[in-house]
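Along the sequence shown, the residues carry numbers beginning at 1.
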Amino acid sequence: MNGNFTTKSKSGFKTKREAELYGAETEIKANRSQLSIAKELPFPAYYLDWFETYKEANVIQRTKATYI
């Protein structure tokens with residue numbers, strides 16, 4: 001690791017127990033250095049990916065133009 005603090009989050013568990021199990025498994029992987037750290041994307045590429053994934057289908061054309 002390069003000394004920078006990073007976090008990982010996930011949601012959508014059906015039960016609290018399911019979330020706790022996921023958290024425990026993730027901690028074990030982190031302790032064994034088995035978690036992969038995504039390559040850093042340049043901000044424009046990250047932003048475009050975010051826009052296409054979360055916003056594009058839910059906004060009108062004028063708003064799309066504003067985002068772009």
Atom pair OG1/NZ of Thr66 and Lys64 - distance to nearest 0.5 Å: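 If we round to the nearest 0.5 Å, Thr66:OG1 and Lys64:NZ are 12.0 Å apart.
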For Glu52, salt bridge (Lys or Arg N to Asp or Glu O under 4.0 Å) partners two or more places apart: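 Residues passing salt bridge (Lys or Arg N to Asp or Glu O under 4.0 Å) with Glu52: none at all.
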Counterpart residues, salt bridge (Lys or Arg N to Asp or Glu O under 4.0 Å), relative to Arg17 (two or more places apart):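 Listed in chain order: Glu20.
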Results of side-chain contact (heavy atoms from CB on, under 4.5 Å) for Tyr67 - residues two or more places apart only: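 In terms of side-chain contact (heavy atoms from CB on, under 4.5 Å), with neighbours along the sequence ignored, Tyr67 is linked to Tyr47, Trp50, Phe51, Lys55, Thr63.
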Contacts of Pro42 that satisfy side-chain contact (heavy atoms from CB on, under 4.5 Å) - sequence neighbours left out: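 For Pro42, the residues satisfying side-chain contact (heavy atoms from CB on, under 4.5 Å) (neighbours in sequence not counted) are Pro44, Ala45.
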Transitive ILVMFWY side-chain link Tyr54 to Phe43, under 4.5 Å: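 Linked within one cluster.
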